[in-house]
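Quick caveat, the model's predicted, so the values are computed rather than measured. The first residue of the sequence shown is numbered 1, and numbering continues consecutively from there.
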Amino acid sequence: MTRYFESGTGELVPDALSGFARAHADLVEYDPADGYITARRTAPTRTVGLLSGGGSGHEPLHAGYVGTGMLDAACPGRLFASPHNRQIFRASRAVAGPNGVLHIVKNYTGDRINFGIAAERLADAGIACGRVLVDDDLASDSEEIAAGRRGTGATVLVEKVLGGAADTGMGLDGLVELGTTVANRCRTLAVASAAHHVPVTGEHAFELPSGELEYGVGIHGERADRTRSQKQVGVLVEDMAGALLDALRPGPDDPLVALVNGLGSVTSLELYGIFGELGRFLDTRRVRLARHLVGDYVTALDMRGFSLTLMVADPTVLDFYDAPVRTPAWRW
């Protein structure tokens, strides 16, 4: 059993948000009544507020990306649970610009429902609202899954590109079109050798035999449709990246952005080794790796696993991606 360090059942998320806001008081504010985080400063050229959210347990997503150059607000739900539509509505109203607010939504049923209700309430209040749906998970790309692909690692890339675009003064319709295009050019695969520990019980969410991998795991501990033996990491990365390239089919001159993302308890030593294997594989496929991120960006509590995300970019998207950013989890 693995015990979490918390004050009591149900207190982990609000306690963490309060501490997070205090640790980064120069960048963000916390509204404890409605449970959302907002940026203290935003670019004066921005006319549309950017808001995202989802279940807690994926830190630094989403609150870690609130600040100049990315999100204006984040609405964290309970662990692996959607935020309430009241949170989303009130946070949206707080950060909406003269041209409205844009919701960046991961493709999960609860998120879609609650963000949808909030959008209806915003319309009733006379506030324009758009939505970009992120659905990058290749493992859930199946006609048998009615909800469609899950939203996973690509969310942080979409948020970064849209943050750069919003700072140019781009309007709501332009941001929706750009974000939808970028999301469609992203795919992710995740693997895990051990599940996260469930805070209430301290037990693993699922068990795997020694030497086995869950191939296509979800960021909430959703099981994949298959397991496979844990072979050398180069073979694993080649299989994963090859599947992503087959799905995206980039042109010979298309630049790629890669995210090598830890799911909670994989070490930096391992992640950089994985990135090295990814770079070697892309070289053999004569694919241009234009930008990359390596680290914990979208986690699943303490899951022992990692994900690979590839995004097909273009010069305009790269310009937005390279724009200045200052948030608790991402600064340049």
Side-chain angles (χ1 to χ4, degrees), residues 36 38-39 41-54 61-62 65-75 82-83 85 87-108 111-136 147-149 151 154-187 248 254-255 257 311-325 327 330:
Y36 61 81
T38 54
R41 285 172 293 278
T42 189
T45 50
R46 187 174 285 205
T47 66
V48 176
L50 299 186
L51 182 148
S52 193
L61 195 79
H62 293 275
Y65 305 119
V66 174
T68 305
M70 284 190 75
L71 299 176
D72 295 290
C75 293
S82 170
N85 67 79
Q87 278 179 276
I88 302 165
F89 170 70
R90 292 181 178 174
S92 299
R93 191 172 55 182
V95 301
N99 289 324
V101 63
L102 176 66
H103 292 164
I104 303 168
V105 184
K106 300 192 303 301
N107 188 29
Y108 295 97
D111 289 355
R112 292 180 65 164
I113 289 172
N114 281 291
F115 275 91
I117 294 171
E120 292 175 357
R121 296 181 64 187
L122 290 165
D124 290 342
I127 299 172
C129 179
R131 186 191 74 172
V132 169
L133 188 69
V134 183
D135 57 350
D136 56 306
R149 293 186 302 266
T155 309
V156 67
L157 301 180
V158 173
E159 290 174 354
K160 179 64 183 74
V161 171
L162 289 179
D167 282 353
T168 70
M170 185 179 290
L172 184 59
D173 291 343
L175 289 169
V176 170
E177 181 178 0
L178 173 65
T180 301
T181 298
V182 170
N184 287 338
R185 294 177 178 174
C186 295
R187 291 294 183 274
L248 291 168
D254 289 335
V257 177
M311 177 178 77
V312 181
D314 58 39
T316 299
V317 168
L318 289 180
D319 283 345
F320 292 143
Y321 178 87
D322 290 340
V325 61
T327 77
W330 194 339

Pair V156, H62 - check side chain to side chain contact (heavy atoms under 4.5 Å, CB included), show working.
CA-CA 8 Å; V156 67; H62 293 275; over 6 Å; no

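- With a 4.5 Å cut-off on side-chain heavy atoms, I104 and L71 count as touching.
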Stepwise side chain to side chain contact (heavy atoms under 4.5 Å, CB included) check, L51 with I88:
CA-CA 8 Å; L51 182 148; I88 302 165; 4.2 Å; yes

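- Salt-bridge formation is not detected for the pair D254/R185: no Lys NZ or Arg NE/NH1/NH2 atom is positioned less than 4.0 Å from an Asp or Glu carboxylate oxygen.
- Nearest heavy-atom pair, Y108 versus G151, reported as atom, atom and distance to 0.1 Å: OH-O, 2.9 Å.
- The two atoms that bring L102 and R131 nearest to each other are CD1-N, 3.7 Å, heavy atoms only.
- Shortest non-hydrogen contact noted between G54 and P83 is CA-CD, 3.6 Å.
- In this structure, V161 and M311 have side chains that are in contact, with non-hydrogen atoms separated by less than 4.5 Å.
- L122 and R93 make their closest contact through CD2-N, 4.2 Å (heavy atoms, listed as atom of the first residue, atom of the second, distance).
- For the pair V132 and V105, the minimum side-chain heavy-atom distance is 4.5 Å or more.
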Show your reasoning for whether side chain to side chain contact (heavy atoms under 4.5 Å, CB included) applies to T38 and Y36.
CA-CA 7 Å; T38 54; Y36 61 81; 3.5 Å; yes

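- Looking at residues two or more places apart in sequence or on another chain, you find no salt bridge (charged side-chain N to carboxylate O under 4.0 Å, His left out) involving D319.
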Give every donor-acceptor pair under 3.5 Å between a side-chain atom in residues 163-179 and any protein atom, sequence neighbours left out.
| from | atom 1 | to | atom 2 | distance (Å) |
| --- | --- | --- | --- | --- |
| D167 | OD1 | R46 | NE | 2.9 |
| D167 | OD1 | R46 | NH2 | 2.9 |
| T168 | OG1 | A165 | O | 2.6 |

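- Summarising the geometry of L248 relative to N184, their closest heavy-atom pair is CD2-O, 4.5 Å, with the distance given to 0.1 Å.
- Residues passing the side-chain hydrogen bond (donor to acceptor under 3.5 Å, both in side chains) test with Y65: none are found, sequence neighbours excluded.
- Side-chain contact of S52 with H103: a donor-acceptor pair under 3.5 Å is absent, judged by distance alone.
- Between L162 and L50 the shortest side-chain heavy-atom distance falls below 4.5 Å.
- By the salt bridge (charged side-chain N to carboxylate O under 4.0 Å, His left out) test, R90 is found to be paired with D34, residues two or more places apart in sequence or in another chain being considered.
- Across every non-hydrogen atom of T327 and V66, the tightest pair is CB-O, 3.5 Å.
- When atom types are taken as modelled, the side chain of T68 and the backbone of T42 share no donor-acceptor pair closer than 3.5 angstrom.
- Looking at residues two or more places apart in sequence or on another chain, you find a side-chain contact (heavy atoms from CB on, under 4.5 Å) between T47 and P98, N99.
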Could you give the side-chain donor-acceptor pairs of residues 111-119 under 3.5 Å, partners two or more places apart or in another chain?
| from | atom 1 | to | atom 2 | distance (Å) |
| --- | --- | --- | --- | --- |
| D111 | OD1 | S82 | OG | 3.2 |
| R112 | NH1 | N107 | OD1 | 2.9 |
| N114 | OD1 | N85 | N | 3.2 |
| N114 | ND2 | S82 | OG | 3.2 |
| N114 | ND2 | G110 | O | 3.1 |

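- Checked by atom type and distance alone, the side chain of K160 never pairs as donor or acceptor with a backbone atom of W330 at under 3.5 Å.
- Taking CZ of R121 as the reference point, atom SG of C129 lies at 12.5 Å (rounded to 0.5 Å).
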